[in-house]
Q: 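Please read through the structure below; I'll follow up with questions.
Remember, it's 1-based here, ligands and their atoms both numbered in the order they're listed. In what follows, every heavy atom counts, from backbone to side chain, and hydrogens, waters and symmetry copies are set aside.
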Amino acid sequence: MRLFLVEDDRMIGESLRQALRDEGYAVDWVYDAQAATATLMSERFDLVLLDLGLPNAQLWGNGLDVLRALRERRDTTPVIVLTARDAIGDRVAGLDAGADDYLVKPFELDELNARMRAVLRRHAGRGEPVLEHEGLRLDPATRQVTQHGEPVLLSAREFAVLQALLTRPGAILSRAQLEDRLYGWGEEIESNAVSVYIHQLRRKLGPDVIQNVRGVGYYLGKPPPKQPK
Ligand code: CA
């Protein structure tokens, strides 16, 4: 999952980015409305965390302007607005401008995570939050994975890779698409990182659960039938 964080407070931004990365999200972060709008016009994200009070607002606009511009382009990327405690008007304005939810600062990371999951679930049109395929079951809310009822312990990044593959079983995801879900801008990417996580997943789930299409990518499902000789 790729998140876009718009937050001018460096301390909040830094701790939020780190915490979300630890949860296995790829996080990209900008500090002002100008950078936010420019980025949102050129890149796709699964979810935006948007602070409303942003610097140099007279020139560049604030978070609401970013949100309105996004919705005017008919971009439906989910947005959670982050607002100050006393700014009730901001929350209403944010929701009216097309935000999917809001959080009042300071907030607990657990609550942010729960709201992000809820928003992503609604956005995906899934009433059922649990992903299932061939005896494999992944619950984004509890972050639990089971295989034929047996619990499987995964690291945050192994979980992120499996979640990406389980969202569309049978669909091939390229190495670049998987890296996108694992890493934000400027994060050091080991060239073989995806292969390593796939290797670990196969070790834990069995060699036949994830298939590699050489030079194309990976998918969750059965291996292709053998060609007759
Ligand atoms: Ca701010």
Side-chain angles (χ1 to χ4, degrees), residues 1-124 140-141 143 156-157 160 180-189:
M1 284 279 164
R2 189 175 192 83
L3 306 185
F4 189 43
L5 172 62
V6 184
E7 170 61 74
D8 60 309
D9 185 307
R10 304 296 158 111
M11 275 189 26
I12 295 176
E14 192 55 62
S15 65
L16 213 46
R17 175 167 65 175
Q18 194 51 52
L20 291 168
R21 279 182 178 174
D22 291 346
E23 298 276 329
Y25 292 107
V27 185
D28 297 329
W29 173 26
V30 299
Y31 318 125
D32 60 61
Q34 189 185 40
T37 295
T39 305
L40 285 167
M41 285 172 77
S42 59
E43 302 202 27
R44 304 288 314 168
F45 295 92
D46 294 299
L47 188 142
V48 181
L49 296 174
L50 179 64
D51 181 26
L52 292 186
L54 295 172
N56 221 345
Q58 289 205 323
L59 198 59
W60 294 336
N62 58 24
L64 274 184
D65 297 309
V66 174
L67 180 56
R68 288 198 187 101
L70 186 76
R71 296 301 186 232
E72 272 166 22
R73 293 196 302 275
R74 300 186 186 283
D75 187 323
T76 59
T77 304
V79 174
I80 297 178
V81 158
L82 310 176
T83 70
R85 183 188 292 277
D86 49 358
I88 294 172
D90 276 4
R91 281 174 243 161
V92 174
L95 292 170
D96 281 345
D100 297 88
D101 203 352
Y102 68 84
L103 265 174
V104 178
K105 293 192 229 178
F107 46 79
E108 297 290 324
L109 195 64
D110 279 352
E111 183 175 8
L112 173 63
N113 271 313
R115 284 180 187 265
M116 292 199 312
R117 288 191 299 266
V119 164
L120 288 167
R121 209 155 60 219
R122 284 201 299 271
H123 186 71
R143 302 189 73 79
R157 288 202 158 143
D180 257 9
R181 284 174 169 75
L182 291 173
Y183 299 97
W185 300 332
E187 262 190 285
E188 193 75 17
I189 304 178

Q: Below 4.5 Å, heavy atoms only, C-beta onward: do K105 and D51 meet side chain to side chain?
A: yes
Q: Below the 3.0 Å mark, what number of protein N, O or S atoms do you get around the Ca ion (ligand 1)?
A: 3
Q: Taking the side chain from T37 and the backbone from Q34, do they hold a donor-acceptor pair closer than 3.5 Å?
A: no
Q: State, with a plain yes or no, whether a side-chain heavy atom of V79 is found less than 4.5 Å away from one of R71.
A: yes
Q: Do the side chains of M116 and M1 get nearer than 4.5 Å, heavy atoms only?
A: no
Q: Check D46 with R181, please: is the shortest side-chain N to carboxylate O separation under 4.0 Å?
A: no
Q: Taking atom OH of Y102 as the centre, does the number of heavy atoms from other residues, nucleotides or ligands within less than 6.0 Å exceed 12?
A: no
